[in-house]
Amino acid sequence: MPPSSPTSEPDVIVIGAGAVGASTAYHLAKFGVRVLVLDKELGPAVHQSGRNSGVIHAGYNLKPGSTKALYCVEGSRRLRAYCQERGVSMIQNGILVVAASEERQPVLVELKRRADENGVQAWLVDRQELTEIEPHARGAAALHAPEGASFDAEAFVRRLMGDAVAAGAAVTYGVHIKSVHDHSLNGGQSREVEVRTSAGTFRAQGLVNCAGLQADRLARGLAQDLKVIPFRGYYAELKPDRRSLVRGHIYAAPDLAFPFLGVHASMRVDGRVLLGPGAMLAFGREAYAFHGVNLRDVIDTLSWPGFYRLLLQARFRSLIRSEVEKSLRLKAIWREARELIPTLAHGDLVRSFAGNRAQLVNREGQLVDDILVRETERAVHVLNAVSPGLTCSLPFGEALARLCQRKLNGATGPGWEWASNPARFLRPSTV
C-alpha cells in the first residue's frame with residue numbers, strides 16, 4: 001500500500017496561507033511532519049501578508065523582552081538572508097525616524113534605549129546628519145536604523161509556500177472553513193482535530209490556526225475575552241517624477257502609547273514610494289474600500305464591550321479623528337508627511353491601495369500589542385501576529401512548528417495561553 005499523502009491523512013492542518021502559516025508549514029514539513037495548508041483564497045498572501053508597505057522592520061521600537069521584540073530582531077536577519085538566498089527582491093535601504101521638533105527628541109532617546117536592549121543596530125543623528133541620509137527630510141534630530149529594508153512581501157510568501165510544498169507539505173486553496181472541532185477539549189477518547197470545510201471534513205492530530213483576520217472566530221472558546229477589531233490603512237504614493245524625494249524609509253517619531261506608526265514614507269523594491277497609512281475603523285475585516293461593509297463584522301465590533309471602553313479613552317478618540325481624515329483625504333496625508341519632507345507638494349500624491357490590520361481588543365478596551373498564542377492539547381491558535389508579524393514570520397513559524405511537533409510527541413505544552421519563555425523554541429537559522 002502506498003504511503004498516505006498529507007492531503008488525505010495529514011498529521012497537522014495549518015489554516016491560513018499568509019507569512020506565518022507558510023513559515024509554520026515549511027518548518028513542519030522540514031521536520032518530517034505531514035502537513036496540509038487550507039486557505040479560502042485562491043493563492044497565498046491575499047490579506048495582511050500581501051497588503052502592506054513591504055518593510056522589513058529592524059525592531060528598534062519594540063518593548064524589550066516582548067515576544068515581538070524577540071522574533072522581530074531574529075526575523076529581520078533571517079528574512080533578509082532568505083531574500084538574498086532565494087532571489088526575492090529586497091533592498092536594505094534603512095529606516096530614519098525623525099523628530100520634527102525638539103519636544104519629540106525624548107521619543108528618539110527611548111527608541112535608542114530599546115534598540116540597544118533588543119540588539120538592533122541604530123544610532124542618533126543630528127539635523128545635518130539626517131539630511132545626509134535623506135536629503136529631503138527635515139527635523140531636529142533622528143534615529144537611523146540601517147538594518148531596515150524593503151522587500152516583495154507577496155513574492156516572499158509565494159516562495160516560502162513553494163519551499164514548503166517542495167519539503168512535502170500540501171496546500172489546498174479555495175476552501176472555506178466552516179468550523180473547527182477540537183476533540184481534546186471535551187474529554188472524549190478521540191484526540192483528533194476536525195476541520196469542517198466547503199470541500200468536506202479534514203482530520204488531523206494537530207492544528208495551527210494562522211487565519212489572521214478570522215483567527216479569533218476559529219479559536220472560539222479560547223478567545224472569548226478578545227475580539228478582532230479591523231483597522232483599515234489607506235496608502236497614497238508619490239507620482240513617478242517625485243519618487244526621488246525618498247531614498248529609504250522616513251518615519252515620524254511615534255506615539256508609543258499606540259501600536260500605529262503614523263504616516264511614513266517608504267521606498268518599495270519596485271521603485272514606488274508609499275505614504276501612509278491612515279488607520280480608520282473598517283466596516284469589514286476584509287473590506288478594503290471605504291464603502292465596503294460586512295454586516296456580521298460590523299455587528300461583532302458594535303456588540304463588543306471592549307470597543308466602547310476603547311472609545312472612552314480621549315487619546316484614542318483623538319487618534320481616530322486624525323486617522324479617519326487621513327483615510328478620506330489625500331490632503332491630510334500630505335499635511336502630515338510634509339512635516340517630514342517640507343518640499344512635498346499636495347499634487348505630488350495619488351491614491352494607492354488599502355490593507356486591514358487584525359487588531360485584537362480585550363474586554364477592558366485595551367489594544368493587544370504583543371504576539372498572542374493560545375493552545376490546547378492538540379491545537380495552536382495564533383490570535384495576534386500583527387505588524388511586525390511579517391518580519392517575525394521565519395523564526396516565529398519555526399517556533400510554532402516546534403510547539404506543534406512537541407504536541408504530536410505527547411507533550412501537552414504550558415496550557416491555555418502561550419506565555420512562558422518563547423525563546424525556548426528558537427533555534428539557529430537553518431533556512
Side-chain angles (χ1 to χ4, degrees), residues 52-84 90-151 246-269 274 339-341 369-371 386-396 423 426 429:
N52 55 73
S53 55
V55 177
I56 299 178
H57 293 274
Y60 58 81
N61 60 318
L62 303 174
K63 293 178 182 178
S66 67
T67 309
K68 267 188 179 181
L70 173 70
Y71 288 122
C72 181
V73 175
E74 174 71 11
S76 174
R77 292 164 184 158
R78 286 178 62 168
L79 181 49
R80 283 178 279 130
Y82 182 94
C83 289
Q84 291 174 335
M90 189 269 296
I91 306 170
Q92 190 168 321
N93 43 11
I95 296 174
L96 191 71
V97 186
V98 178
S101 64
E102 292 184 359
E103 289 75 16
R104 299 299 294 162
Q105 289 192 53
V107 177
L108 300 182
V109 174
E110 170 60 15
L111 293 179
K112 177 66 167 82
R113 182 192 70 80
R114 293 185 181 189
D116 290 344
E117 287 200 37
N118 291 338
V120 176
Q121 186 181 14
W123 53 81
L124 296 170
V125 297
D126 61 22
R127 194 184 305 266
Q128 180 179 343
E129 290 172 307
L130 79 84
T131 58
E132 292 173 359
I133 297 166
E134 288 283 358
H136 297 279
R138 295 293 182 271
L143 180 85
H144 185 220
E147 294 170 313
S150 298
F151 78 127
V246 178
R247 288 180 173 178
H249 304 274
I250 307 173
Y251 286 70
D255 182 345
L256 296 176
F258 295 107
F260 310 113
L261 296 177
V263 167
H264 50 273
S266 292
M267 169 68 78
R268 291 166 56 100
V269 290
L274 297 182
E339 294 181 10
L340 302 174
I341 311 170
D369 189 30
D370 205 357
I371 288 171
V386 291
S387 181
L390 190 57
T391 302
C392 297
S393 60
L394 285 173
F396 182 45
L426 276 177
S429 175

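Numbers here are sequence positions counted from 1. No hydrogens, no waters, no symmetry mates; every other heavy atom, side chains included, goes into these values.
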With a 4.5 Å heavy-atom cut-off, do Leu124 and Leu111 have their side chains touching?
no
Can you measure from CZ (Arg80) to CG (Leu394) and round to the nearest 0.5 angstrom?
12.0 Å
Which pair of non-hydrogen atoms, one from Arg77 and one from Gly119, has the smallest distance, and what is that distance?
NH2-O, 2.6 Å
Do Arg104 side-chain atoms and Pro254 backbone N/O form a donor-acceptor pair below 3.5 Å?
yes
Can you find a pair of side-chain heavy atoms, one from Val97 and one from Asn61, that are under 4.5 Å apart?
no
Spell out, as yes or no, whether a donor-acceptor pair under 3.5 Å connects the side chain of Glu147 to the backbone of Gln121.
yes
Once you round to the nearest 0.5 Å, how far does CD1 of Ile133 lie from CG of Asn93?
12.5 Å
Other residues, nucleotides and ligands only: do more than 12 of their heavy atoms fall within 6.0 Å of CD on Glu102?
no
Of all heavy-atom pairs linking Ala253 and Ala99, the shortest is CB-CA, 4.3 Å
Looking at every non-hydrogen atom in both residues, tell me the closest pair between Lys63 and Ala69 and how far apart they are.
O-CB, 3.5 Å
Taking the basic N atoms (NZ, or NE/NH1/NH2) and the acidic carboxylate oxygens, is any pair closer than 4.0 Å for Glu110 and Arg113?
yes
How long is the span from the CD atom in Glu134 to the CD1 atom in Ile95, to the nearest 0.5 Å?
11.0 Å
Using every non-hydrogen atom in the two residues, find where Cys83 and Phe151 come nearest and quote the distance to one decimal.
SG-CD1, 3.9 Å
How far apart are the closest heavy atoms of Val73 and Val120, and which atoms are they?
CG2-CG2, 3.6 Å
Would Asp369 and Lys68 satisfy salt bridge (charged side-chain N to carboxylate O under 4.0 Å, His left out), going step by step from the backbone distance to the final call?
CA-CA 9 Å; Asp369 189 30; Lys68 267 188 179 181; 3.3 Å; yes
Between the side chain of Gln84 and the main-chain N/O of Ala81, is any donor-acceptor distance below 3.5 Å?
no
Would you call Pro146 and Trp123 a side-chain contact if the rule is heavy atoms closer than 4.5 Å?
yes
Are Arg114 and Leu143 side-chain neighbours, meaning at least one heavy-atom pair lies under 4.5 Å?
no
From CG (Leu70) to CZ (Phe396), nearest 0.5 Å
10.5 Å
From His249, Arg268, Gln92, residue fulfilling side chain to side chain donor-acceptor pair (under 3.5 Å) relative to Ser150:
His249
For a quick test of reading the model, state the closest non-hydrogen atom pair linking Ala58 to Cys72 and the distance between them.
C-SG, 4.1 Å
Look at the side chain of Asn118 and the backbone N and O of Leu62, then say whether any donor-acceptor pair between them is shorter than 3.5 Å.
yes
Using the ring of each side chain (for Trp, its six-membered ring), is His57 parallel, tilted or perpendicular to Tyr251, with breaks at 30° and 60°?
perpendicular
Nearest 0.5 angstrom please: Asn52 CG to Ser387 OG, how far?
8.0 Å
After noting the C-alpha distance and the side-chain angles of Arg127 and Thr131, does the key distance pass the side chain to side chain donor-acceptor pair (under 3.5 Å) rule?
CA-CA 7 Å; Arg127 194 184 305 266; Thr131 58; over 6 Å; no
To the nearest 0.5 Å, tell me how far His264 NE2 sits from Leu274 CG.
8.0 Å
Does the side chain of Asp116 come within less than 4.5 Å of Lys112's, by heavy atoms?
yes
So, do Val125 and Leu96 sit near enough that their side-chain heavy atoms are less than 4.5 Å apart?
yes
